[in-house]
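What follows is a short report on a single structure.
We name chains A, B, ... by the order of the sequence lines, and we start the count at 1 in each one.
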Amino acid sequence: MDFDLGEEQVMLKTSARDFLDKECPKKLVRDMMDDDKGYSPELWRQMADLGWHGLAFPEEYDGVGSSFLDLTVLLEEMGRALVPGPFVSTVVYAGRTILAAGNEEQKQRFLPAIAGGETIMTMALLESSGDLEPSGIAVTASPSGQDFVINGTKLFVPDAHIADHLICVARTKDGTGEDGISLFLVDAKSEGLRVEVLSTMTGEKLCEVTFSGVTVPGSNLLGKLNGGWPVVRNLLDEAIVGECAWMMGGARWALETSVDYAKEREQFGVPIGTFQAIQHKLANVAVEVEGATSIVYYAAWAIDENDPGKTLAASVAKTWCSDTYKHATFEGIQVHGGIGFTWDHDMHLYFKRAKSSQVAFGDADYHRERIAQLLDV
Amino acid sequence: MDFDLGEEQVMLKTSARDFLDKECPKKLVRDMMDDDKGYSPELWRQMADLGWHGLAFPEEYDGVGSSFLDLTVLLEEMGRALVPGPFVSTVVYAGRTILAAGNEEQKQRFLPAIAGGETIMTMALLESSGDLEPSGIAVTASPSGQDFVINGTKLFVPDAHIADHLICVARTKDGTGEDGISLFLVDAKSEGLRVEVLSTMTGEKLCEVTFSGVTVPGSNLLGKLNGGWPVVRNLLDEAIVGECAWMMGGARWALETSVDYAKEREQFGVPIGTFQAIQHKLANVAVEVEGATSIVYYAAWAIDENDPGKTLAASVAKTWCSDTYKHATFEGIQVHGGIGFTWDHDMHLYFKRAKSSQVAFGDADYHRERIAQLLDV
Amino acid sequence: MDFSYTPEEETFRDELKQWLTMHMKELPEWYGRRDIAGPDVDSQEYHDFSVWWHRKLYDAGFVGITWPKEYGGRGGTIMEQVIFYEEIARHRAPGLSNAHGIGWCGPAILAHGSEEQKKRYLPKILSAEEIWCTFYSEPEAGSDMANVQTRAVDGGDHWVVNGQKVWSSGAHVADWGVLLVRTDPEVRKHRGISYLFLDMKTPGITVSPLRNITGTAEFNEAFFDNVRIPRDQVIGEVNMGWYVAAGALEFERSSAGTAIARENSVKGIIRLAKEMGHNGDPMVRQKLAQLYVETMVLKYMALRGLTHELREGRPGPQGAVSSVFSMEFNQRLQDLAMEIQGPYSRLVRGSKHAVDHGRWQHDFLRSRGNTIETGTSEIKRNIIAQRVLGLPRQ
Amino acid sequence: MDFSYTPEEETFRDELKQWLTMHMKELPEWYGRRDIAGPDVDSQEYHDFSVWWHRKLYDAGFVGITWPKEYGGRGGTIMEQVIFYEEIARHRAPGLSNAHGIGWCGPAILAHGSEEQKKRYLPKILSAEEIWCTFYSEPEAGSDMANVQTRAVDGGDHWVVNGQKVWSSGAHVADWGVLLVRTDPEVRKHRGISYLFLDMKTPGITVSPLRNITGTAEFNEAFFDNVRIPRDQVIGEVNMGWYVAAGALEFERSSAGTAIARENSVKGIIRLAKEMGHNGDPMVRQKLAQLYVETMVLKYMALRGLTHELREGRPGPQGAVSSVFSMEFNQRLQDLAMEIQGPYSRLVRGSKHAVDHGRWQHDFLRSRGNTIETGTSEIKRNIIAQRVLGLPRQ
């Protein structure tokens with residue numbers, strides 16, 4: 001029995017922590033918030049060289065062949081460091097989708113390029129409704145000879161402004177249900193494709209992507225025609241658990257930083273950490289963070305095992321982590337008092353990320369209802 | 001401007017507190033939990049002599065002619081003392097309904113008898129669904145010459161086992177909506193009427209009342225035929241606010257008792273009230289109790305003024321008080337530690353009452369949805 | 001107990017309503033429009049607008065409603081004050097400017113100032129001809145506010161002040177400032193503090209903006225380097241400044257005004273839920289209803305507290321209690337407003353698709369300061385426990 | 001990290017499942033039936049039933065799964081222990097009896113007892129031939145558990161014990177009891193305490209039931225009046241009893257076992273919601289889902305804690321953390337179970353129309369003790385803050 005990280009995972013975690021402490025300081029994070037591209041090509045290259053991009057791809061596609069759980073451990077550390085840039089978009093949203101649904105040619109074309117850090121990709125899923133269900137997909141892809149022509153607008157697409165290719169989730173058949181949805185690999189330089197970067201609270205780059213008669217060759221269909229939604233659903237499980245790992249890493253930073261501050265900041269002649277109100281506030285956060293760590297690792301394991309309970313586990317993790325990250329940073333600001341409310345202190349970087357992660361891939365209420373359905377309540 | 005009790009209300013409150021401290025000790029409360037009747041005829045007589053029963057009836061019916069707010073102040077103190085017996089059933093559920101909907105003859109027949117403490121009454125409203133909406137009413141009253149014949153079963157009827165008369169809410173027309181519901185004054189000794197006392201956590205006497213072809217004369221119709229539901233709705237506002245006053249009185253007892261204990265109980269060589277965890281716990285309860293007091297007085301005022309917002313105010317009060325009373329007693333037990341968990345300490349009497357009041361006349365979720373409807377969300 | 005209004009009060013309300021209906025037409029185009037973004041809240045343009053509107057209210061007799069007439073007030077009743085806040089909220093009109101002058105400095109002068117000080121300063125505080133700010137907190141005096149390190153040394157006809165203050169709101173636009181300084185380092189903490197005030201043009205003060213998590217800089221740090229303040233610029237007795245600062249709760253600073261304003265925020269978030277199409281979601285309905293419950297409780301609790309204070313001459317338990325509640329309520333409301341927007345909550349002012357020009361995002365971020373800035377929630381709960389409930393100090 | 005089971009573990013599970021399927025047929029008629037009320041939980045009948053079932057489990061080798069074979073245990077793995085709890089829960093089978101013997105007294109003997117003590121006492125604890133209870137709390141030693149006043153004076157070949165204990169669970173049916181006594185009043189609090197044990201038939205002990213808010217009396221007060229305890233009936237060193245009592249977390253007492261059992265409670269409350277017709281209520285669905293989330297988090301947190309303990313030889317932070325969480329979780333669950341019943345929640349055991357014979361009502365009331373009985377939630381949060389997070393003591 002073994003319900004915690006193995007030795008190699010601990011090593012991966014430690015080395016990632018050390019690397020990011022050095023190469024991804026908060027100065028970089030802050031600079032990238034205002035940067036047009038939003039990422040450091042140098043850091044991107046370094047991470048690729050460390051094998052991070054290909055960590056969870058098989059060796060035949062130049063990957064490391066590690067598990068999704070290993071990737072989760074890495075994402076936890078990236079969330080702790082708030083690594084800016086298109087890592088998740090490229091590796092998880094696009095890479096894992098291609099791995100799951102692509103044909104051999106597509107895999108060979110994209111996965112080694114991702115693993116090598118040579119290409120940036122993303123997925124264009126959400127639209128104006130913000131809806132995660134098939135009913136939210138209205139962008140169409142109509143057959144035209146051997147090609148498909150895509151029309152419509154995608155919203156909240158991460159990193160589209162720097163992506164070389166996008167996976168576009170589109171309707172290939174009339175309707176609002178899950179049948180008739182297909183996935184397309186779209187070259188970002190295609191004619192008729194327009195990207196506008198939106199301004200976000202966290203400085204993350206979310207984009208509006210407009211498709212005005214964008215033509216893609218039929219060979220760019222990813223997976224089965226009209227059978228794209230199960231692929232999306234599968235990817236959502238992974239994306240959710242990845243997001244949770246990121247959140248949990250950030251929540252632990254907020255906890256540890258607050259604990260450190262409470263030990264050293266004095267008021268009334270004693271460290272504020274001696275006050276029971278502060279002690280219990282942080283004890284509560286500790287309970288939540290320990291719980292988050294446990295459930296995220298379990299959910300990641302369930303994905304690796306393709307366990308029938310993986311979707312349920314992902315929803316459980318997202319419900320818990322949404323609340324945890326928020327509380328950890330809300331209390332983080334409170335424990336820091338005025339200092340925590342300043343722009344100069346780093347707590348707000350995490351705090352804002354917590355709020356944005358809370359609504360990413362469905363908030364806690366959404367996932368609780370989903371859990372009720374999965375449990376057949 | 002005057003947003004707090006007036007001088008006379010404060011006097012009423014003080015004298016009620018003094019009287020009940022003396023005449024309604026916890027020994028009596030505990031004895032009545034196991035008593036078949038569930039009330040002390042002596043205390044009942046004393047309260048009537050003090051004018052409590054007729055406090056909110058006009059003088060022409062031997063009442064004192066005070067306001068509903070005055071009655072609320074009294075109920076607050078009765079809730080604090082946990083006065084056992086059919087006061088609320090008789091005075092509020094039955095008395096206030098007769099006052100609102102009865103004809104002159106009915107008022108003359110019942111109200112002075114109530115005011116004088118000579119009769120015990122109640123209302124038979126709920127049925128097996130526990131539903132507070134018209135759809136919950138399935139007991140029927142069918143015309144038969146000048147009479148009506150009632151059939152069906154009522155549940156959770158308070159004090160029916162000692163009542164002289166009941167007001168029965170019954171369907172006089174097929175359907176499930178609010179049209180076709182009528183109210184009848186039923187002599188408790190009527191043939192075909194059977195009362196069975198249920199065992200409750202609080203020792204309150206709730207009854208199952210079965211009507212098997214109970215015949216009541218047409219003159220016992222209270223209010224308009226088929227127009228009974230608006231009377232019920234109006235009574236529910238008053239019953240809710242009365243329940244809230246009762247709850248608020250109990251919550252304040254729990255708060256004060258816990259504060260007193262925290263001042264005197266020592267652990268680790270100091271009073272436990274010096275610990276910030278205890279201080280903040282009780283501060284939170286204080287916030288809730290102060291809020292409860294303020295909103296209950298406002299809701300009672302709105303009833304006196306027949307303010308168009310009175311239903312909304314009642315729902316707001318019930319939402320708040322449901323949470324408040326529960327928290328005050330949950331925390332009350334926790335602050336008292338092991339002692340608070342014993343049968344001998346009085347906290348559990350309040351704690352159980354808090355749980356039962358929580359679900360009486362709709363819990364907080366029910367009222368929040370009702371508020372959303374009233375606000376046209 | 002009487003929550004209804006007298007005929008005189010209804011007349012006052014009518015007068016105010018008419019005034020607002022007429023004069024709100026003069027508000028700038030961006031005000032109240034959701035399709036146009038207004039100026040940044042920390043901009044000069046916004047400050048000018050705020051003072052301009054304040055002076056119109058002042059000229060119409062709606063500022064300092066309960067303040068004595070001889071100092072520029074209306075000499076009216078608390079109930080009129082309540083009505084003022086109700087109508088301002090109902091009309092969604094802008095509120096008053098010079099918040100620290102009216103909420104803190106003015107009341108201190110009114111309660112503890114000399115007759116000369118009252119005559120000289122109060123009218124211009126009300127008219128916002130002179131903007132005031134406060135210098136209370138210091139880096140080492142946050143929750144422990146009595147730990148004042150800024151020193152004022154007796155220099156004969158003046159005080160010489162040295163030290164650092166933080167979290168001074170509006171210091172960059174203020175004409176006058178009040179400051180807590182230590183004038184006697186020998187006595188115990190709460191004693192030996194004085195409440196001075198100074199012309200912001202006095203040499204030796206350096207004010208620098210403190211950017212907060214919203215990205216704006218409504219607060220400031222201030223450094224006092226041998227600042228000379230005339231000896232008579234003290235409010236109340238020397239060394240008794242702590243008790244001046246902790247003085248009576250004024251309506252402007254009480255939760256009653258805030259509570260009434262917050263009813264409007266609840267209406268605003270209900271409107272938001274409808275516009276985002278989430279008003280049918282049972283969970284959202286529950287949360288909105290709960291906010292409404294809380295705002296009602298807050299309002300009547302604050303009003304009851306006011307009644308208590310008027311009757312007893314000192315704040316009742318409801319005061320401390322509604323303060324902590326009011327601040328946390330606003331945080332819950334702002335947090336929910338973000339939740340309701342789903343992925344749109346991530347977009348801020350200036351972005352395409354941002355809801356209401358990112359106003360909610362700003363207000364949400366700003367709200368996190370609420371449980372810190374006027375005493376942390378922890379300190380307020382200590383006060384409730386110790387002063388209201390009488391629990392022993394450790 | 002590996003949440004899956006080895007073939008050996010699956011074999012163990014199959015064996016256990018077969019055993020349960022066969023032997024649960026022998027359970028009394030009232031067990032698991034919702035139309036018949038069973039005996040009161042504090043009745044002799046219930047105790048006898050509980051011991052009877054325990055012995056069957058023991059005879060089949062399912063008690064003391066991780067305890068050494070030489071002391072009557074199975075000598076198995078922690079994973080088998082996990083499987084045991086899973087299957088007991090899945091089959092809704094009764095659990096073990098002699099909870100204090102197996103959870104507290106036995107482990108203390110195992111860790112600190114002499115070889116002779118282990119041989120003499122452990123097998124009969126496991127077999128429930130001898131029921132054990134604990135005497136820890138005192139009227140003045142509640143949260144401040146080290147404030148032990150009960151004195152044991154050296155009487156040569158025996159100790160002479162005087163004092164009062166409270167909250168002793170099962171003392172009225174126990175054969176043996178362990179007790180914390182002060183053997184050296186001169187040294188500071190945590191030192192000078194010893195961990196004695198005694199035959200419950202020893203003269204001078206008076207056990208009287210302590211009725212709790214459920215109306216039943218599972219706890220007791222006990223008075224020790226010149227009780228003579230043989231000198232060798234001490235576990236561990238004299239004056240070091242505090243550290244014996246605060247010893248290693250055993251699986252039986254850990255939250256892992258509880259967490260697994262609590263999955264079943266969640267299933268039970270979902271069934272209740274369906275039967276009451278409230279499973280379509282969106283708010284009820286949210287609350288049920290949240291309970292499920294919490295039970296999953298609790299389970300994996302507790303299991304991770306166990307892994308940590310096995311690897312490091314000492315409990316990890318997850319231990320203290322999951323204990324406070326587990327207790328409060330059960331309170332939330334029981335509270336919700338009442339809420340779901342609406343007006344039916346008011347009816348108790350013995351009443352017509354009572355849901356499930358009032359079982360929920362009893363469990364709800366009983367749950368209020370959870371955040372008190374094994375250390376209050378406040379004390380546990382202190383421990384998390386100080387020992388896990390390393391925050392300074394005051």
> What part of B:F156 gets closer than 4.5 Å to chain D, counting heavy atoms only: side chain, backbone, both or neither?
Replying inline: side chain

> If only atom types and distance count, is the side chain of B:D35 paired as donor or acceptor with the main-chain N or O of B:K37 below 3.5 Å?
Replying inline: yes

> Is B:K355 positioned over the aromatic face of D:F364, cation under 6.0 angstrom from the ring centre and no more than 45 degrees off axis?
Replying inline: yes

> Side chain, backbone, both or neither: which part of D:I379 has an atom under 4.5 Å from a heavy atom of chain B?
Replying inline: side chain

>> Looking only at heavy atoms and a cut-off of under 4.5 Å, which of D:L365, D:V166, D:N382 has the most pairs with chain B?
In response: D:L365

> Does any donor atom in the side chain of D:Q164 or D:E221 lie under 3.5 Å from an acceptor atom in the other side chain?
Replying inline: yes

>> Which one wins on heavy-atom pair count under 4.5 Å against chain B: D:Q361, D:M283, D:R368, D:E378?
In response: D:R368

>> Quick check on the interface: out of B:R368, B:K326, B:H345, who has the most heavy-atom pairs with chain D under 4.5 Å?
In response: B:K326

> Highest number of heavy-atom pairs under 4.5 Å with chain B: which of D:E373, D:R366, D:Q341, D:R381?
Replying inline: D:R366

> Would D:F219 and D:F135 count as a close aromatic pair, with their ring centres under 6.0 Å?
Replying inline: no

> Between B:L155 and chain D, which part of the residue has a heavy atom less than 4.5 Å away: side chain, backbone, both or neither?
Replying inline: side chain

> When you look at D:R346 and B:T202, which way does the side-chain hydrogen bond (donor to acceptor under 3.5 Å, both in side chains) test go after all the steps?
Replying inline: CA-CA 8 Å; D:R346 303 172 70 171; B:T202 52; 5.0 Å; no

> Between D:W104 and D:H100, what is the ring plane arrangement, given parallel below 30°, perpendicular above 60°, and tilted in between?
Replying inline: parallel

> Do we see a donor-acceptor contact under 3.5 Å between the side chains of D:Q149 and D:N147?
Replying inline: yes

> Measuring heavy-atom distances to chain D, does B:L206 have an atom under 4.5 Å in its side chain, in its backbone, in both, or in neither?
Replying inline: side chain

> Side chain, backbone, both or neither: which part of B:F351 has a heavy atom under 4.5 Å from chain D?
Replying inline: side chain

>> Is it true that D:E294 and D:Q290 share a donor-acceptor pair across their side chains at a distance under 3.5 Å?
In response: yes

>> I need the residue from D:V348, D:I213, D:L210, D:I372 with the largest number of non-hydrogen atom pairs under 4.5 Å to chain B.
In response: D:I213

> So, B:K318 and B:E243, do they make that salt bridge, N to O below 4.0 Å?
Replying inline: no

> Picking from B:Q334, B:Q358, B:E208, which has the most non-hydrogen pairs under 4.5 angstrom with chain D?
Replying inline: B:Q334

>> Tell me which of these, B:G340, B:S129, B:G337, B:G362, has more heavy-atom pairs under 4.5 Å with chain D than the rest.
In response: B:G337

> Is any NZ, NE, NH1 or NH2 atom of the basic residue among D:D363 and D:R359 found under 4.0 Å from an Asp or Glu carboxylate oxygen of the other?
Replying inline: yes

>> If you count heavy-atom pairs within less than 4.5 Å of chain B, which of D:M338, D:Q331, D:H353 leads?
In response: D:H353

> When the aromatic ring centroids of B:F330 and B:Y325 are compared, is their separation below 6.0 Å?
Replying inline: no

> What part of B:E266 lies closer than 4.5 angstrom to a heavy atom of chain D: side chain, backbone, both or neither?
Replying inline: backbone

> Looking at B:L349, B:D344, B:D365, which one has more heavy-atom pairs under 4.5 Å with chain D than the rest?
Replying inline: B:D365

>> Is B:R265 close to chain D through its backbone or its side chain, or both, or neither, when contacts mean heavy atoms under 4.5 Å?
In response: side chain

>> Quick check on D:A146 against chain B: is it the side chain, the backbone, both or neither that has a heavy atom closer than 4.5 Å?
In response: neither

